[in-house]
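Nothing here was measured: the structure is a model prediction, and the numbers come from that model.
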Amino acid sequence: MNWIKTIATNTLFQIIARLASSGSSFLITIIVAKNLGILGYGDFAKVSAFVSLFYLFTDLGLNAIFLQREDAKFRFKELFYTRFVISVVIVFIVNCLSYFLPYNEVSQIGFSPQVRLGITIFSFTIITEGILYTSSAIFQRELSYEFFMISSIIGSFSTLIFVLLSTAVFPSLFLVLGSYILGGVVESGFAIFFTREGLLPPKVNVSFIKKLAIETMPVSLMLIFNLIYFRIDILILSLFQTSKAVAMYDLSYKFFDFLISIPLFLSNALYPSILEKAKKAGELLGVKKYVLLFIVLSLFIVLPAWILSPLISLIRKEFVDAVVPLRILLISLPLFFATSILQWI
C-alpha cells in the first residue's frame, strides 16, 4: 500500500508541475496571439519548434542509464557537467544550422531573418533544459518529485510574469523569447538548489562520458526518432505553408503535448520500483499488465478530448481550424501511452 501511495503521490506532483507549465504556456499563447497577431504567433511557433527539436539531444537517455549505476550517488557532478558541455555544443550547432534555413521573400514562406534571430535568442533555453534534465535524475532516484513540482511552478510563473511585462512595455517577438530564457534560468536554478548536490569544483570524466554514451545509444536513437516524429511536421509546414497555417497547427499541438505527458509522469514514478523488482527477481515482471493498463487509461482521455475539441475556438475564433489537426493527433494517443512504459522497460 505504501508503494502505491508513493507512486501515486509522485505522479501527482508531476501532473501538478505539468499543469503549471502547460497553464502558463497556454496563457502565454493567448498573450502572444493577442499582442503579436496570428502572423507573429506563427513566427513564435516556428522558433520554438525548431529549437525544441534539439532539446532531447541534451537528454539522450542519460538519466535512465545513470540511475542504473551503483555509484550514481557519487557521480552527479560528472553528469551535470557532461550534459552542460553537450548543451553548449548543441546551442552552437543550432545557430549554425539556422543560417541555412530557407525563406521565400515573395510568398513569405519559410524562416525569415526575424525568425532566424529569434532562434538564436531562444537557443539558450537548451542550456537551462539540460540543467533541468540533470536535476530530474535526482528527483527520480529519490522519488522526491515535490521539488520538481515546486521549481516548475516557480519557473512557469516567472516566465509568465516576464512575458506579461515585456508585452506591456513593447510587444516584440524577441522580448517574449528573452522572457523564456529568464524563466528557464529561474526554474533550473531552483531545481539544482533542491537537489542539494555540490557542483564545485567542476569535473568532467571523459571515460565516464564515453561509457554512458555507449550504454545509452539504443535509448538515444529511440528518443531522436521519436523527436523527429514529434516536430518534423511543424517544420515541414514552415517550409511550405504560411505563418497562419503554422499557428493553427501549433495551437492544436499544445493541447496534445499536455495529454501525452500524462503517461510519462506515471512511467517516471514507476521506473525506480521496476528496477528494484528486476534486481530482486532477476527478470522483468508484469510487462503486459503495465502496457494494457496504459492503453486502457488512454481511452479515458481520448474520447472526452475528441468531444470537447471544438471548444478550442473559445480562445479566438480564428483558431477554429485547429480542431481537425487536434483530432488527428488524438488518434495516436493510445500508442504513446503504451510506448511510454515500454521505453523504460
Side-chain angles (χ1 to χ4, degrees), residues 15 18-53 103-104 106-112 114-115 118 122 156 159-160 163-164 166-168 171-173 176-177 179-180 229-263 298-337:
I15 292 176
R18 183 64 181 189
L19 284 172
S21 176
S22 297
S24 65
S25 295
F26 181 72
L27 292 175
I28 289 173
T29 296
I30 297 175
I31 294 169
V32 173
K34 180 179 179 181
N35 289 277
L36 301 184
I38 195 167
L39 295 180
Y41 179 77
D43 287 343
F44 171 75
K46 291 177 184 179
V47 171
S48 58
F50 183 77
V51 174
S52 64
L53 183 65
Y103 178 64
N104 189 317
V106 178
S107 62
Q108 295 187 340
I109 293 176
F111 295 81
S112 66
Q114 175 174 283
V115 172
F122 199 62
S156 299
T159 304
L160 177 60
V163 170
L164 281 170
S166 65
T167 52
S172 166
L173 173 64
V176 169
L177 298 175
S179 298
Y180 271 88
Y229 171 81
F230 264 108
R231 304 311 285 169
I232 199 66
D233 42 15
I234 199 167
L235 293 180
I236 292 174
L237 280 176
S238 300
L239 294 173
F240 296 100
Q241 296 292 327
T242 63
S243 291
K244 181 179 179 180
V246 174
M248 295 294 183
Y249 183 77
D250 186 74
L251 184 65
S252 66
Y253 214 101
K254 285 288 194 298
F255 285 89
F256 181 71
D257 190 46
F258 171 74
L259 295 177
I260 60 175
S261 66
I262 295 175
S298 71
L299 298 179
F300 284 96
I301 295 177
V302 171
L303 296 177
W306 183 284
I307 296 171
L308 298 174
S309 58
L311 295 179
I312 201 171
S313 61
L314 293 178
I315 301 172
R316 287 177 69 101
K317 290 182 179 179
E318 296 90 332
F319 287 115
V320 67
D321 290 337
V323 173
V324 175
L326 174 58
R327 283 179 166 174
I328 293 174
L329 288 167
L330 285 173
I331 296 173
S332 66
L333 196 63
L335 292 176
F336 284 103
F337 267 71

Report yes if the side chains of [X] and [Y] come closer than 4.5 Å at any heavy-atom pair, otherwise no.
X      : Y      : result
Ile31  : Val176 : no
Thr159 : Ser24  : no
Asp250 : Thr29  : no
Val115 : Tyr103 : no
Phe256 : Ser332 : yes
Tyr249 : Leu329 : yes
Phe111 : Leu239 : yes

Heavy-atom closest pair, residues [X] and [Y]:
X      : Y      : value
Lys46  : Ser238 : CG-OG, 3.4 Å
Leu36  : Pro171 : CD2-C, 3.9 Å
Leu39  : Lys244 : CD2-N, 4.3 Å
Gln241 : Ile109 : O-CG2, 3.6 Å
Ala322 : Ser252 : O-CB, 3.4 Å

Hey, could you give me the [atom1]/[atom2] distance between [X] and [Y], rounded to the nearest 0.5 Å?
X      : Y      : atom1 : atom2 : answer
Ser112 : Asn104 : OG    : CG    : 12.0 Å
Leu251 : Asp321 : CG    : CG    : 11.0 Å
Leu27  : Leu164 : CG    : CG    : 8.0 Å
Leu299 : Phe337 : CG    : CZ    : 9.0 Å
Leu173 : Thr167 : CG    : OG1   : 12.5 Å
Ile28  : Tyr180 : CD1   : OH    : 4.0 Å

Only residue of Ile301, Val323, Leu326, Ile331 satisfying side chain to side chain contact (heavy atoms under 4.5 Å, CB included) with Trp306 is Ile331
Parallel, tilted or perpendicular: rings of Tyr41 and Phe44 (30°, 60°): tilted
